[in-house]
Amino acid sequence: QVQLVESGGATVQPGGSLRLSCAASGVTLDDYSIGWFRQAPGKEREGVSCISSSDSSTYYANSVKGRFTISRDNAKNTVYLQMNSLKPEDTAVYYCAAVNQELSTAQAMWSLSLPKFWDYWGQGTQVTVSS
């Protein structure tokens with residue numbers, strides 16, 4: 001059984017940084033592409049970034065490009081989301097998701113706008129950016 005557990009959420013001031021972790025169990029994570037999503041109150045779930053299973057190619061939503069970095073440590077079965085220069089509009093519950101396939105560039109682009117594409121989800125971790 002695949003389980004994903006997010007951690008690292010916190011309250012930070014604008015301009016601050018956080019690193020979120022997505023730890024997997026029940027699966028060899030290097031066989032899976034991983035996505036990070038977020039959902040603010042009253043808004044739809046939004047794709048933030050993803051990393052492919054094969055060559056670890058990455059993709060970012062325009063809203064976070066240049067500020068967020070996704071990476072994976074297959075030895076630790078964990079994917080990270082480094083978030084820098086945080087803004088109040090980054091406030092949301094952040095979720096990681098997994099799918100057992102390699103993502104092409106085109107797939108990465110549309111997969112972030114299609115949450116139902118992803119097979120497994122974590123429970124989420126709260127990120128609040130506020131002064």
**Message:** Using a 4.5 Å cut-off between side-chain heavy atoms of Ile, Leu, Val, Met, Phe, Trp and Tyr, which other residues end up in the same hydrophobic cluster as Val5?
**Reply:**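 Once heavy-atom contacts under 4.5 Å are chained together, Val5 still belongs with nothing else.
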
**Message:** Which residues end up grouped with Tyr80 if you chain together Ile, Leu, Val, Met, Phe, Trp and Tyr wherever their side-chain heavy atoms are less than 4.5 Å apart?
**Reply:** none

Test side-chain hydrogen bond (donor to acceptor under 3.5 Å, both in side chains) applied to [X] - qualifying residues, sequence neighbours left out:
| X | result |
| --- | --- |
| Gln39 | Arg45 |
| Ser57 | Asp55 |
| Thr128 | Gln126 |

**Request:** Using the rule that two of Ile, Leu, Val, Met, Phe, Trp, Tyr join whenever any of their side-chain heavy atoms come within less than 4.5 Å, decide whether Val2 and Trp36 are in one cluster.
**Result:** yes

**Phe117-Tyr59 co-clustered via ILVMFWY side chain contacts under 4.5 Å** =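 Yes; tracing contacts between hydrophobic side chains, which count when under 4.5 Å, links both residues.
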
Please list every donor-acceptor pair under 3.5 Å in which a side-chain atom of residues 7-22 meets a protein atom from a residue at least two apart or in another chain.
| unit_1 | atom_1 | unit_2 | atom_2 | d |
| --- | --- | --- | --- | --- |
| Ser17 | OG | Asn84 | OD1 | 2.9 |

What are the two closest non-hydrogen atoms of [X] and [Y], and how far apart are they?
| X | Y | value |
| --- | --- | --- |
| Val48 | Val64 | O-CG2, 3.6 Å |
| Leu4 | Ala24 | CD2-CB, 3.8 Å |
| Ala61 | Gly47 | CB-O, 3.5 Å |

**Prompt:** Can any side-chain N or O of Gln82 pair as donor or acceptor with the backbone N or O of Thr69 at less than 3.5 Å?
**Reply:** no

**Message:** Keeping Ser33 on the side-chain end and Val99 on the backbone end, is there a donor-acceptor pair under 3.5 Å?
**Reply:** no

**Message:** Quick one, Leu112 with Phe37, criterion side chain to side chain contact (heavy atoms under 4.5 Å, CB included). Give me CA distance, side-chain angles, the key distance, then yes/no.
**Reply:** CA-CA 8 Å; Leu112 289 181; Phe37 291 76; 4.1 Å; yes

**Fill in**
In Leu103, Thr78, Ile51, Leu81, the residue satisfying side-chain contact (heavy atoms from CB on, under 4.5 Å) with Ile34 is Ile51

**Contact list for residues 97-122, test side chain to side chain donor-acceptor pair (under 3.5 Å), sequence neighbours left out** =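 Sorted pair list: Ser54-Glu102, Ser104-Gln107.
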
**Item:** Pairs where residues 76-98 contributes a residue and the test salt bridge (Lys or Arg N to Asp or Glu O under 4.0 Å) is met, not counting sequence neighbours
**Value:** Arg38-Asp90, Arg67-Asp90

**Item:** Residues that Lys65 engages under side chain to side chain contact (heavy atoms under 4.5 Å, CB included), provided they are two or more places apart
**Value:**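 Lys65: side chain to side chain contact (heavy atoms under 4.5 Å, CB included) contacts with Tyr60, Asn62.
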
**Request:** Quick one: which residue pairs count as a ring pair (Phe, Tyr, Trp, His ring centres under 6.0 Å) with a foot in residues 87-108, not counting sequence neighbours?
**Result:**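 Not a single pair qualifies under ring pair (Phe, Tyr, Trp, His ring centres under 6.0 Å).
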
**Prompt:** Looking at side-chain heavy atoms only, is the closest gap between Tyr32 and Val79 below 4.5 Å?
**Reply:** no

**Request:** Could you grab the distance from atom CD1 of Ile70 to atom SG of Cys50, nearest 0.5 Å is fine?
**Result:** 6.5 Å

